[in-house]
K.L.:
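Take this structure first; my questions come after.
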Amino acid sequence: MIKVALGSRRAAKIAAVRSCLARLAELDPHWRDAEVIPREVQTHIAAMPLDDAESMRGARERAHAVRARLQREGLTADFFLGLEGGFHMISGAGERLTLLRNWAYVTDGTRGSFGAGPAIPVPETIVTRVIETGRELGEIIDEITGEEDVRSNRGAWGVFSRGLLSRALSFELALIAAFAPFYNPTLYRSNGT
Ligand SMILES: O=P(O)(O)OP(=O)(O)OP(=O)(O)OC[C@H]1O[C@@H](n2cnc3c(O)ncnc32)[C@H](O)[C@@H]1O
């Protein structure tokens, strides 16, 4: 049975891993009964990443941290995953945009691969509140919706898109992208043949 370790215990992230594995099982039934091992891990990046580079570092650090944590527990897994979300500011086509985007990093302990999910524009008022107060997006979304812990469920994604997207779906897409070299190894072999 394939074992997949995740560097988080956040419900939306665990749900994303399970949905991703169900999609990978469409290509190869070996993925169907994969075991997910979620563990909380510490990272050294900002609590609220403000660019893709920081989110990528966070995703990779989480994957390496969960591997180290399992080793301390005398356990191992076939794959180690890190998921991280944050803002990314970009200028293009004469516009300046702040986007929310999620990143995934997958490693088997030897090779590693990044993937990203979709990017959704962040409402200007919310950008200003996060940047000016230095607080996490999750707290601000809870204040705006009057709900608790939105980040564990539909997330800012669900709020911005009126439920058409969810935080879990965005992480699922990032994971499917990150896993590509592992479920399509011939194409991604380093000699490219
Ligand atoms: O328990 P962990 O795995 O740490 O999960 P997290 O929800 O804190 O998630 P991240 O560290 O990956 O995300 C960084 C911050 O970005 C915020 N964030 C990102 N995406 C969000 C979303 O869809 N909804 C609410 N907050 C979000 C939230 O405040 C997070 O603390």
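These numbers come from a predicted model, not from an experiment. Both counts, for ligands and for their atoms, begin at 1 and track the order of listing.
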K.L.:
Salt-bridged, R135 to E139, with N to O below 4.0 Å?
P.N.:
yes

K.L.:
Starting from atom 10 (P) of ligand 1, which protein heavy atom do you reach first, and at what distance in Å?
P.N.:
E84 OE2, 3.3 Å

K.L.:
Under a 4.0 Å threshold between the charged nitrogen and the carboxylate oxygen, would E136 count as salt-bridged to R151?
P.N.:
yes

K.L.:
Look at atom 23 (O) of ligand 1 and say which protein heavy atom is nearest, naming residue and atom and giving the distance to 0.1 Å.
P.N.:
A156 N, 3.0 Å

K.L.:
Could you check atom 3 (O) of ligand 1 against the protein and tell me its nearest heavy-atom contact, residue, atom and distance included?
P.N.:
S8 OG, 2.5 Å

K.L.:
Taking only heavy atoms of A47 into account, list the atoms of ligand 1 that are under 4.0 Å away from them.
P.N.:
14 (C), 15 (C), 31 (O)

K.L.:
So if I count the atoms of ligand 1 from 1 in the order they appear, which ones are less than 4.0 Å from some heavy atom of W157?
P.N.:
23 (O)

K.L.:
Considering heavy atoms of the protein only, find what lies nearest to atom 27 (C) of ligand 1 and give residue, atom and distance to 0.1 Å.
P.N.:
L137 CD2, 3.8 Å

K.L.:
Which of the atoms in ligand 1, numbered in the order shown and given with their element, are less than 4.0 Å from a heavy-atom of K13?
P.N.:
2 (P), 3 (O), 5 (O), 9 (O), 10 (P), 12 (O)

K.L.:
Between R167 and ligand 1, find which residue part has any heavy-atom pair under 4.0 Å and reply side chain, backbone, both or neither.
P.N.:
side chain

K.L.:
Is the Y188-F182 ring centre distance short of 6.0 angstrom?
P.N.:
no

K.L.:
Around atom 8 (O) of ligand 1, find the nearest protein heavy atom and jot down its residue, atom name and distance.
P.N.:
R151 NH1, 3.1 Å

K.L.:
Given the side-chain rings of F171 and W103, with only the six-membered ring counted for Trp, is the space between their centroids under 6.0 Å?
P.N.:
no

K.L.:
Which option wins on minimum heavy-atom distance to atom 17 (C) of ligand 1: E139, R62, M48?
P.N.:
M48

K.L.:
Is R129 paired with E124 through a side-chain N to carboxylate O contact shorter than 4.0 Å?
P.N.:
no

K.L.:
Among all protein non-hydrogen atoms, which one is nearest to atom 29 (O) of ligand 1, and what is the separation to 0.1 Å?
P.N.:
G138 N, 2.7 Å

K.L.:
For atom 31 (O) of ligand 1, find the nearest protein heavy atom and state the residue, atom name and distance (0.1 Å precision).
P.N.:
E136 OE1, 2.2 Å

K.L.:
Between R60 and E84, is the closest basic N to carboxylate O distance under 4.0 Å?
P.N.:
no

K.L.:
Does any donor atom in the side chain of S166 or R154 lie under 3.5 Å from an acceptor atom in the other side chain?
P.N.:
no

K.L.:
Quick one: do the S152 and D149 side chains pair a donor with an acceptor below 3.5 Å?
P.N.:
yes

K.L.:
Would you say ligand 1 has an N or O under 3.5 Å from any N or O of G85?
P.N.:
yes

K.L.:
Assess R62 against Y105: is NZ or CZ under 6.0 Å from the centre of the six-membered ring, and within 45 degrees of the ring's axis?
P.N.:
no

